[in-house]
Amino acid sequence: MSNGYLENDILDLKLNKNIVQILKNNSICKIKDLWVKKRSNLKEIGLSDSQIKEIIIKLELIGLDLNKKRNK
């Protein structure tokens with residue numbers, strides 16, 4: 001199963017500007033770079049619980065979840 005969004009830029013998720021800035025400052029530029037992360041990894045780079053929740057929701061909308069999980 002392949003998800004066509006993995007190669008897209010994280011801007012395609014339409015996240016809050018602050019979240020995008022933190023991700024890009026930590027070399028997370030593509031959705032596939034974000035998808036492989038765990039919640040703890042995102043906390044380590046300075047994201048809050050509410051910011052991580054926003055990321056999870058946006059990923060779920062395209063059929064993905066953190067830690068390389070795919071939704072059917």
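Note that the structure is predicted; figures quoted are calculated from it, not measured.
Between N67 and V36, the closest side-chain pair of non-hydrogen atoms is not below 4.5 Å. Counting only heavy atoms from C-beta outward, the side chains of I28 and I22 never approach each other to under 4.5 Å. Using a 4.5 Å heavy-atom cutoff, the side chains of V20 and L13 are not in contact.
With rounding to the nearest 0.5 Å, the separation of NZ in K38 from CD1 in I52 is 14.0 Å. Residue I31 holds its CD1 atom at 9.5 Å from CG of L11, rounded to the nearest 0.5 Å. Note: K32 NZ to K68 NZ = 11.5 Å, rounded to the nearest 0.5 Å. Atom NZ of K37 sits about 8.0 Å away from atom CG of N26, to the nearest 0.5 Å. Taken to the nearest 0.5 Å, the CG atom of L47 stands 5.5 Å off from the CG atom of L42.
Side-chain N or O atoms of K30 include none that pairs as donor or acceptor with a backbone N or O of N8 at under 3.5 Å. When atom types are taken as modelled, the side chain of W35 and the backbone of L6 share no donor-acceptor pair closer than 3.5 angstrom.
Between L15 and the options I57, L59, L23, a side chain to side chain contact (heavy atoms under 4.5 Å, CB included) holds for only L23.
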>> Applying side chain to side chain contact (heavy atoms under 4.5 Å, CB included) to K43 and D49, what does each step give before you reach the verdict?
In response: CA-CA 8 Å; K43 280 188 161 247; D49 286 328; 2.8 Å; yes
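Among pairs with a residue in residues 13-23, those fulfilling side chain to side chain donor-acceptor pair (under 3.5 Å) read Q21-N25, at least two apart in sequence or across chains.
Every residue two or more places apart in sequence or in another chain that forms a salt bridge (Lys or Arg N to Asp or Glu O under 4.0 Å) with D9 is listed here: K24.
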